[in-house]
Participant: 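Before anything else, here's the structure in question.
Values below: all heavy atoms of this structure, side chains included; hydrogens, waters and symmetry mates excluded. Throughout, a chain's letter reflects where its sequence line sits, starting with A, and its residues are numbered from 1. All of these numbers come straight from a predicted model, not from anything done at the bench.
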Amino acid sequence: MDFKTIDELLKYTENIKGKTFRELDKDNLLEKNKKDKGNFGKIIETGFYGYPNNNKAEADFNDLGVELKVSGYVKNKNGTISAKERLVLSKIDYNSIVNEEFNYSKLLFKNKKILIIWYEYDKEKDMSDFVITDYQLYDMSGDEIVIKNDFEIIKEKVLEGYAHLLSEGDTSYLGACTKGATSDDKTKQPFSNIPAKPRAFSLKNSYMTGILRSLDLTFTVDKLEYKTIDEYVYAQVKKFIGKTQIDIYFALSGIEYKNDIPKNLSKMISDKAIGKDKELPEKNDLFRKTNYIIKNLPVDNNDYPLERMSFRNLTLSDFKDEWEASWWKTYFEEVTIIVLCYEGSSKIKNGFRKLKDIKKITFNSDDIDVFGRTYNMVKQAIDNKDITKLPYPNSFSGQILEVAPKGIKGDDAYLNLFKKDTTKVCFMISKDFIFKKF
DNA sequence: CTCTGATCATGT
DNA sequence: ACATGATCAGAG
């Protein structure tokens with residue numbers, strides 16, 4: 001089929017809504033090569049748009065400057081929707097990237113517009129019964145400066161001989177995700193002898209979710225004033241550096257705490273100064289398509305943390321998946337933690353600590369592998385209904401991530417672990433590890 | 001002291 | 001009513 005204009009293409013595409021892959025799969029591709037992850041794309045190209053089933057890399061709408069992508073989403077418990085997976089692009093060649101300028105032709109951005117076909121992923125259903133519910137022409141040019149910056153960050157890391165330390169959290173939209181048959185696959189990098197994991201460019205899960213949600217967002221996108229979240233956050237809190245928590249909160253709210261300092265005073269400050277986690281997407285477009293979180297941490301005068309860092313409550317259902325496919329793995333791979341450090345000590349308690357600086361934490365593949373061990377211990381504990389198998393502190397040497405209780409008075413967090421899906425325990429990362437990351 | 005299980009104030 | 005981010009506080 002040949003489309004003269006984008007309008008024509010979109011008008012035709014309207015008819016795909018409501019179709020299942022079974023209906024479109026005229027050549028029975030789903031049966032023939034079950035393992036081919038590109039199947040959905042091929043089915044739509046041949047079965048819906050009528051392209052011959054050749055092996056040309058992308059039979060897309062080149063003349064129109066549009067590239068076709070098929071992507072799944074899932075419905076969340078709270079009624080929102082999220083992209084199911086990151087969109088993997090071309091493999092990163094460590095040897096050639098160092099000589100490349102940000103080059104549209106090598107990546108998806110050659111065309112800047114992508115036609116995304118969204119289907120609803122439902123693990124209860126057979127793949128061929130997934131329903132295509134939406135499509136969307138997405139113009140990436142608005143994100144170009146962020147993506148270019150991401151590209152440079154990745155290139156820079158390879159130039160420094162740190163390809164083995166790449167993390168998806170390093171960047172905002174364009175990620176360097178791992179790619180390889182097993183997690184032990186390694187490849188060479190040009191400026192170091194240390195083997196690195198093979199990686200590919202990807203549009204991060206959080207970015208795809210942002211695009212997906214823009215389907216029903218009515219408000220217009222802010223102008224991008226900042227290239228990275230760090231810049232943005234720093235701009236918001238710069239003026240408070242050196243001031244105590246009480247003073248900062250007073251400056252922000254007019255409320256002055258004298259005693260009975262709230263435990264979450266630091267969070268109340270970051271909520272007001274930078275934004276509540278839920279509002280962040282409205283504050284700056286970068287937040288809408290990234291997985292950045294703001295955390296607060298007391299440190300001593302050497303920047304050594306006074307506390308561990310906690311994450312959200314674990315749910316039993318988080319651990320149904322194997323580690324490789326788990327929510328937590330994607331989360332740790334993609335997340336970037338912005339840490340507002342407050343200097344304190346055993347004498348200088350909550351409320352009287354002074355904002356010292358802002359640091360950033362991301363996790364590399366070695367970290368992620370160690371997290372996997374912790375994850376599997378939780379999974380074992382749940383699968384066997386045996387709390388002694390949990391990854392308590394110091395469960396194994398080199399442990400970074402541990403479980404800790406997280407309830408209110410009277411909760412026996414560990415003993416009641418199996419009572420409800422949402423448990424009263426959480427993950428925490430160790431102080432030593434945070435310090436090393438700094 | 002440090003470690004680790006327990007608890008709190010707030011927001012939704 | 002309860003999840004969250006964070007700190008507290010007793011044990012060792």
Participant: Salt bridge check, A:Lys148 against A:Glu101: does any charged N sit closer than 4.0 Å to a carboxylate O?
Facilitator: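 Looking at A:Glu101 and A:Lys148, the cut-off is not met.
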
Participant: May I have the distance from A:Glu402 (atom CD) to B:dG5 (atom C1'), rounded to whole angstrom?
Facilitator: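 From A:Glu402 CD to B:dG5 C1': 11 Å.
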
Participant: Taking NZ from A:Lys424 and P from B:dG5, how many angstroms apart are they, rounded to a whole number?
Facilitator: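 Computing the A:Lys424:NZ to B:dG5:P distance gives 18 Å.
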
Participant: Mind checking whether A:Phe311 and A:Phe332 have ring centres under 6.0 Å apart?
Facilitator: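 Distance test on ring centres: under 6.0 Å, yes.
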
Participant: Once you apply a heavy-atom cut-off of 4.0 Å, does A:Tyr257 come out as touching a base, just sugar-phosphate, or nothing?
Facilitator: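 Sugar-phosphate contact only.
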
Participant: OH of A:Tyr162: more than 12 outside heavy atoms within 6.0 angstrom?
Facilitator: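 Open: at most 12 neighbouring heavy atoms sit under 6.0 Å from OH of A:Tyr162.
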
Participant: Quick check for you: among B:dA9, C:dA3, B:dG5, whose closest atom lies nearest to any side-chain atom of A:Pro405?
Facilitator: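 Side chain of A:Pro405 sits closest to B:dG5.
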
Participant: Could you state the atom-to-atom distance from NZ of A:Lys272 to P of B:dA9 in whole Å?
Facilitator: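 Taking NZ of A:Lys272 and P of B:dA9, I get 17 Å after rounding.
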
Participant: For A:Asp143 and A:Tyr207, which I'm curious about, is there any donor-acceptor pair between the side chains at under 3.5 Å?
Facilitator: yes

Participant: Going by modelled atom types, is there a donor-acceptor pair between the base of C:dT7 and the side chain of A:Lys349 at under 3.5 Å?
Facilitator: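 Between C:dT7 and A:Lys349, which were checked side chain against base, a qualifying N/O pair under 3.5 Å is absent.
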
Participant: How are the rings of A:Tyr392 and A:Tyr414 set to each other: parallel, tilted or perpendicular (split at 30° and 60°)?
Facilitator: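 The arrangement is perpendicular - the two ring planes meet at more than 60°.
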
Participant: Specify the separation, in whole Å, of atom CZ of A:Phe435 and atom C1' of B:dT2.
Facilitator: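 Nearest whole value for this atom pair: 16 Å.
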
Participant: For DNA chain B, which residues of residues 373-395 of chain A approach it to below 4.0 angstrom with any heavy atom?
Facilitator: A:Pro393, A:Asn394

Participant: Does A:Lys267 or A:Asn350 map to a spot on DNA chain C nearer the 5' end, using the closest nucleotide for each?
Facilitator: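 By nearest-heavy-atom nucleotide position, the 5'-most residue is A:Lys267.
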
Participant: May I ask you to say whether A:Lys197 pairs ionically with A:Asp369, meaning some side-chain N is under 4.0 Å from a carboxylate O?
Facilitator: yes

Participant: Considering only side-chain heavy atoms of A:Asn296, which listed nucleotide, C:dA6, C:dT4, B:dT10, is closest?
Facilitator: C:dA6

Participant: Specify the residue among A:Tyr414 and A:Asn264 whose closest nucleotide of DNA chain B lies further upstream toward the 5′ end.
Facilitator: A:Tyr414

Participant: Between A:Glu168 and A:Lys204, does any side-chain N to carboxylate O distance fall below 4.0 Å?
Facilitator: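 Between A:Lys204 and A:Glu168 there is no salt bridge, as every charged N stays at least 4.0 Å from the carboxylate O atoms.
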
Participant: Tell me whether the rings of A:Tyr331 and A:Trp328 are parallel (<30°), tilted (30 to 60°) or perpendicular (>60°).
Facilitator: perpendicular

Participant: Does A:Ser310 get its side chain close enough to the base of C:dA6, under 3.5 Å, for a donor-acceptor pair?
Facilitator: yes

Participant: Strictly below 4.0 Å, heavy-atom distances to any atom of DNA chain B: list the hits from residues 330-340 of chain A, or just say none.
Facilitator: none

Participant: Consider the side chain of A:Lys431, meaning its heavy atoms from C-beta on, and name the nucleotide among B:dG11, C:dA6, B:dC3 that approaches it most closely.
Facilitator: B:dC3

Participant: Taking only side-chain N and O atoms of A:Lys295, does any of them lie within less than 4.0 angstrom of OP1 or OP2 on C:dA6?
Facilitator: yes

Participant: Look at A:Asp303 together with A:Lys356 and state whether they make a salt bridge at an N to O cut-off of under 4.0 Å.
Facilitator: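 The answer is yes: the pair qualifies as a salt bridge.
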
Participant: Rounded to whole Å, how long is the line connecting atom CG of A:Asp271 with atom P of B:dT10?
Facilitator: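 The answer, rounded to whole Å, is 12 Å.
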
Participant: Using 4.0 Å as the upper bound for N to carboxylate O, is an ion pair formed by A:Lys329 and A:Asp321?
Facilitator: no

Participant: Rounded off to whole Å, could you give me the CG-to-P distance for the A:Asn313 and B:dT12 pair?
Facilitator: 17 Å

Participant: To the side chain of A:Arg353, which of C:dA6, C:dA3, C:dT7 is closest?
Facilitator: C:dT7

Participant: Answer yes or no: side-chain N or O of A:Lys406 and base N or O of C:dG5 forming a donor-acceptor pair under 3.5 Å.
Facilitator: yes

Participant: Reckon A:Ser346 has a side-chain N or O less than 4.0 Å from the OP1 or OP2 of B:dC1?
Facilitator: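 It does, given that an N or O in the side chain of A:Ser346 lies less than 4.0 Å from OP1 or OP2 of B:dC1.
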
Participant: Just how far, in rounded Å, is P of C:dT7 from CZ of A:Phe352?
Facilitator: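 Going from A:Phe352 (CZ) to C:dT7 (P), I get 14 Å.
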
Participant: B:dT12, C:dT7, C:dA3: which one has an atom nearest the side-chain heavy atoms of A:Lys276?
Facilitator: B:dT12

Participant: Give the rounded distance in Å between these two atoms: CD1 of A:Ile429 and C1' of B:dT4.
Facilitator: 16 Å

Participant: So, A:Asp318 and A:Arg312, do they make that salt bridge, N to O below 4.0 Å?
Facilitator: yes

Participant: Name the nucleic acid region contacted by A:Met428, choosing base, sugar-phosphate or nothing; use a 4.0 angstrom heavy-atom cut-off, strictly under.
Facilitator: base

